[in-house]
Colleague: 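Please see the structure below; I have some questions.
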There are 6 protein chains.
Amino acid sequence: MRILILNPNTTAAMTEKLVDVARAVAAPGTELIGVQPSWGVSAVQGYADGFVSAAASLDRVRALRAEGLEWDATVYAGFGDHGREGLAEVLRGPVVPIAEAAAMAACLIGHRYAVVTTTTRSVPQIRDILTVAGLADRCAGIHATGLPVLAAPEELLAAFEVQAARAIEAGANVLCLGSGAMAGWAQTASERVGVPVVDGLTAAVTFAEGLVRVGLGQASSPARTSA
Amino acid sequence: MRILILNPNTTAAMTEKLVDVARAVAAPGTELIGVQPSWGVSAVQGYADGFVSAAASLDRVRALRAEGLEWDATVYAGFGDHGREGLAEVLRGPVVPIAEAAAMAACLIGHRYAVVTTTTRSVPQIRDILTVAGLADRCAGIHATGLPVLAAPEELLAAFEVQAARAIEAGANVLCLGSGAMAGWAQTASERVGVPVVDGLTAAVTFAEGLVRVGLGQASSPARTSA
Amino acid sequence: MRILILNPNTTAAMTEKLVDVARAVAAPGTELIGVQPSWGVSAVQGYADGFVSAAASLDRVRALRAEGLEWDATVYAGFGDHGREGLAEVLRGPVVPIAEAAAMAACLIGHRYAVVTTTTRSVPQIRDILTVAGLADRCAGIHATGLPVLAAPEELLAAFEVQAARAIEAGANVLCLGSGAMAGWAQTASERVGVPVVDGLTAAVTFAEGLVRVGLGQASSPARTSA
Amino acid sequence: MRILILNPNTTAAMTEKLVDVARAVAAPGTELIGVQPSWGVSAVQGYADGFVSAAASLDRVRALRAEGLEWDATVYAGFGDHGREGLAEVLRGPVVPIAEAAAMAACLIGHRYAVVTTTTRSVPQIRDILTVAGLADRCAGIHATGLPVLAAPEELLAAFEVQAARAIEAGANVLCLGSGAMAGWAQTASERVGVPVVDGLTAAVTFAEGLVRVGLGQASSPARTSA
Amino acid sequence: MRILILNPNTTAAMTEKLVDVARAVAAPGTELIGVQPSWGVSAVQGYADGFVSAAASLDRVRALRAEGLEWDATVYAGFGDHGREGLAEVLRGPVVPIAEAAAMAACLIGHRYAVVTTTTRSVPQIRDILTVAGLADRCAGIHATGLPVLAAPEELLAAFEVQAARAIEAGANVLCLGSGAMAGWAQTASERVGVPVVDGLTAAVTFAEGLVRVGLGQASSPARTSA
Amino acid sequence: MRILILNPNTTAAMTEKLVDVARAVAAPGTELIGVQPSWGVSAVQGYADGFVSAAASLDRVRALRAEGLEWDATVYAGFGDHGREGLAEVLRGPVVPIAEAAAMAACLIGHRYAVVTTTTRSVPQIRDILTVAGLADRCAGIHATGLPVLAAPEELLAAFEVQAARAIEAGANVLCLGSGAMAGWAQTASERVGVPVVDGLTAAVTFAEGLVRVGLGQASSPARTSA
């Protein structure tokens with residue numbers, strides 16, 4: 001099976017890193033293809049960036065389709081980024097966003113989860129995405145380290161630890177890495193904070209594989225009423 | 001005061017119509033400027049269109065700012081369209097989307113409201129937008145006529161009436177026109193269905209004027225935690 | 001157009017102050033008439049006071065109607081006070097309560113809002129009103145200064161600042177003045193706390209004007225079922 | 001122990017009937033005192049009536065207190081009527097409203113409940129009261145017969161049956177009599193509709209007795225914050 | 001009338017204590033029969049214990065029925081323990097669990113309530129039970145002392161006081177004893193913490209008596225749809 | 001990796017069928033072990049059966065552990081059955097219940113989902129489980145065919161189709177097979193009803209594999225507070 005890892009920003013080095021982290025958990029027969037938009041922003045910081053990335057990501061997958069590329073499922077690797085439902089409309093296989101996958105994995109192994117992200121700007125975006133996804137009920141909080149996405153890893157990890165402690169005190173017993181830039185950190189972070197830490201990217205890759213294996217694609221539009 | 005009427009699709013004739021409808025309710029001193037994106041889609045039908053329009057709308061207002069245009073508030077005239085929070089980040093004055101304005105006006109005059117929109121594709125989008133806006137509690141339903149945005153008005157109005165009856169039976173005592181393409185219909189529709197009908201465009205124009213008059217602009221990002 | 005500013009307590013000086021603050025934002029052609037009940041309580045502190053004021057306010061507007069006074073919309077100037085739906089039944093034009101207007105304005109310009117009120121007794125009342133209004137989803141907290149309604153302004157403002165800091169820390173990026181007695185403070189308070197501060201009275205005046213301009217009055221009772 | 005049955009309307013014959021129905025379930029040692037306001041409305045139909053009754057009911061219990069009457073708990077016998085929290089402020093013993101008692105009893109014996117009331121005007125009021133009480137989650141619907149409070153019993157019962165069937169189809173497995181005027185009907189209605197039917201009045205009387213026996217009175221105001 | 005006090009753990013001394021506490025509030029004519037499962041766990045600490053106790057409790061009441069014992073209502077005396085709906089299926093009279101009874105009593109006398117329990121393991125269980133019961137809306141928090149169920153009373157009471165203060169600060173104005181092991185403490189705890197404290201056991205006994213007196217038994221399964 | 005397929009009823013033939021269906025989607029290296037309790041009920045019909053099965057299932061996995069069996073993850077194959085959190089306490093690897101997996105898969109590919117189950121008794125149980133799991137927000141309804149679990153497949157499928165049509169009309173665009181007894185039907189049912197149909201068993205198997213591959217096990221108890 002072939003899975004597209006769609007990085008919503010234009011930073012190719014980030015795409016490569018995402019694919020590396022994804023490869024470590026993908027099943028033997030899974031081929032991973034990393035792509036990023038050909039225009040947009042180098043890092044999504046805020047809503048405006050997010051909407052641009054959504055449109056640029058759509059543009060990119062349409063171009064890939066036009067070029068004749070075929071794939072089975074898409075992992076949308078922006079944590080809390082907009083665009084999922086648009087991608088789902090233009091693609092046939094499942095589209096698994098990393099924030100939703102992280103929240104689902106967290107709900108499967110814990111009671112309440114919290115998200116620890118980078119910048120404070122991301123907090124409302126993540127909150128919105130989880131609300132629309134219907135996954136906010138068991139969210140005990142969304143916390144930001146206050147550091148930029150590209151801060152030094154050790155500094156970011158120390159700040160993560162501080163926020164994690166607050167989240168755990170508030171009732172979370174599992175945490176989610178709240179940024180694609182934290183991909184690959186789950187093990188280290190979990191050892192530091194003493195509770196399981198979910199990496200939405202790796203969760204999304206395995207859930208996407210699963211949906212393909214069970215034969216589920218995107219549903220079409222619902223009927224004309226929504227109570 | 002100067003208000004930008006931002007039509008998220010590229011159809012200039014639609015922009016003109018929106019401005020005409022808006023003018024009928026704007027206060028004497030209010031100048032209305034209608035704009036639409038310079039790229040994107042001619043009508044928003046579905047999520048993919050919506051994300052493209054959001055990005056194109058952002059692009060347009062950034063261009064206007066770069067050209068030195070100044071204005072006080074923005075009415076975002078796509079019913080249930082994405083992009084509001086992105087526009088709010090790049091603009092200083094308030095950004096009032098027509099779906100939120102419609103729901104607020106409906107809540108101020110009724111007990112529970114329903115939305116009647118055009119295509120079935122729009123139903124989940126509108127639902128998402130109202131949920132994120134925190135305005136879904138008093139929504140008794142979102143109904144689609146099943147007709148395209150550009151159907152003949154009389155046909156659309158007849159279909160509106162059918163859905164309105166269902167909504168009223170389900171407990172709504174006020175309705176919202178669920179598409180920018182229905183702008184200007186409120187009076188006629190209300191006479192047909194026997195309950196007040198809110199046109200989000202006209203509501204948004206007056207709310208935008210109000211926010212400017214009381215001196216409120218967009219808030220900056222919230223602090224680092226969201227429970 | 002003529003708007004009634006209905007102060008739910010019997011303190012005429014308060015009514016005058018409300019009208020003064022309202023006048024600063026009302027449109028040129030808007031006539032404001034301030035009234036208060038002829039019986040009831042001099043300040044609403046608690047639920048019992050609130051229900052008495054609701055009945056007394058109803059009594060007052062019925063008397064005004066009986067005297068032949070006509071007006072287009074009513075601003076109900078008790079923050080979180082009961083009575084709105086009763087007033088809406090006996091009046092034809094829209095009735096805009098200041099708590100609901102404040103929450104709506106806050107939602108239009110920010111992500112999550114908080115209310116800072118005077119006495120602790122007011123907290124559950126405001127919470128109830130926002131819940132019934134379907135506007136509690138984006139409320140990050142309701143905080144009381146613990147001071148009486150008639151405390152010295154400077155003392156109240158200092159206490160406001162303390163609670164505002166807590167609210168902002170909890171994720172609010174816009175605040176609402178939680179008492180009619182704070183009318184007129186928005187500018188000063190906003191400068192002190194660093195986020196936009198909404199005065200429900202001024203918001204309500206402009207929203208009421210807007211509803212009248214777009215031709216919306218109160219809806220009648222909904223149909224026989226509510227799911 | 002002495003329990004006050006507080007009928008919120010001024011119809012003394014209704015008060016007598018309420019006391020008769022209540023007496024059939026009260027414990028041997030319980031004395032029941034029926035009262036109604038000395039002013040207000042003869043039947044609560046709509047919000048305006050409800051707020052007047054709330055104030056009039058408050059006035060009445062204050063007068064009774066001033067006259068030196070002592071009692072242990074109050075049953076507030078208007079279904080979905082406002083005023084509970086005000087009464088709770090001025091009385092020391094528990095105040096048990098019949099709508100809340102009905103919903104609680106229904107939740108104790110069933111999965112989801114529905115309310116069947118008289119006039120359509122009552123539907124939103126009951127909905128509001130149950131929402132504020134935090135008891136709406138398991139409410140499967142609020143249905144009105146569309147008949148006036150004083151319709152002929154047999155006609156009302158037949159209409160009750162029609163609405164009950166709809167409610168049961170929608171998932172309710174227990175019903176609540178949605179009007180004080182239906183007090184005493186539970187047995188007959190239950191036989192007709194095939195599911196348990198709760199009379200909020202009798203439930204409230206026994207819950208009030210229970211609260212007194214376990215020594216619980218009204219709490220005072222909460223602390224200064226409400227998240 | 002005869003009420004079964006069903007202690008979900010196998011500790012007979014606990015059953016005796018529960019019956020003693022219950023007797024102090026039961027009406028004169030009420031006979032109380034205390035029972036516990038003949039197998040299972042000596043104290044419920046965690047979900048696994050809870051499911052075992054639920055099955056063992058079911059087994060016990062089926063055995064009692066098979067032996068020909070008859071009773072009118074059942075108080076299920078595990079705070080937040082699973083099993084209620086199962087017991088309700090096999091018994092004819094009402095089944096009143098102490099957590100639900102506590103939350104209901106708390107809602108009848110206060111604005112928002114909090115639960116203070118013993119071990120941290122109980123927190124998510126109680127949360128789940130209150131959520132399913134539709135009683136979580138007015139819950140301001142669930143706090144654990146962190147001490148085992150069998151800690152020394154004075155130590156437990158001191159720890160209770162610490163958590164109570166946090167809960168009150170967070171907006172609760174009434175507390176619930178969050179463990180069957182705390183039965184009988186309400187008076188003492190209330191004096192210590194300054195707000196009413198509800199003992200779910202005594203509340204449940206009186207509510208069960210009430211349901212029997214008004215003639216309400218368990219409803220059968222709902223119809224085939226649940227929206 | 002080794003996954004335990006835990007059938008909560010005692011019917012070994014059902015276990016075999018579940019394993020057969022699971023095998024069709026499991027990854028090449030995955031070993032599946034099917035087990036069922038050694039006591040309990042032959043089919044779970046109602047809550048009482050469910051609590052017995054939960055305890056019997058716990059008993060079974062404890063016995064397997066005592067016998068020295070090791071495995072990596074558990075699929076709990078009762079749709080909407082109680083017991084998950086108890087199993088999670090006594091097992092180290094993830095426990096994936098089929099109802100939660102179905103709802104998650106449905107949310108990943110559609111907008112709103114509905115469940116179609118067998119007996120009406122199952123409806124409230126499924127509702128409770130989805131509510132506690134925090135997955136009810138996007139559930140458009142739970143429908144029962146009204147037929148017993150062991151009805152003839154063709155008859156059940158025809159009844160499924162009828163309920164599916166109702167669910168789709170109500171806004172669902174993806175359906176979940178609401179009973180372990182329907183395992184293996186997804187493809188056929190989907191062709192009949194025209195929307196994707198999720199089999200919770202196959203979804204759960206692949207999600208369990210995914211959680212193991214990314215290294216996530218069960219979280220321990222949360223901290224002492226839950227807001």
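In the text below, chain A, chain B and the rest are named by the order of the sequence lines, each starting its count at 1.
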Colleague: Take a 6.0 Å sphere around CZ of D:Arg92 and say whether it holds more than 12 heavy atoms from other residues, nucleotides or ligands.
Modeller: no

Colleague: Work out which heavy atom in D:Arg62 is nearest to a heavy atom in C:Ala48; give both atom names and the distance.
Modeller: NH2-CB, 3.9 Å

Colleague: Counting distance only, does the side-chain N/O of C:Glu85 pair as donor-acceptor with the main-chain N or O of D:Tyr47 below 3.5 Å?
Modeller: no

Colleague: Once salt bridge (Lys or Arg N to Asp or Glu O under 4.0 Å) is applied, do any residues pair with C:Glu154, and if so which ones, sequence neighbours excluded?
Modeller: C:Arg192

Colleague: Contact part of C:Val90 toward chain D, heavy-atom cut-off under 4.5 Å: side chain, backbone, both or neither?
Modeller: side chain

Colleague: Should the ring pair C:His82 and D:His82 be called parallel, tilted or perpendicular, given that the plane angle runs from 0 to 90° and is split at 30 and 60?
Modeller: perpendicular

Colleague: If you tally heavy-atom pairs under 4.5 Å against chain C, which of D:Val115, D:Asp128, D:Ile129 wins?
Modeller: D:Asp128

Colleague: With C:Phe51, which of D:Leu87, D:Asp59, D:Leu58 fulfils side-chain contact (heavy atoms from CB on, under 4.5 Å)?
Modeller: D:Leu58

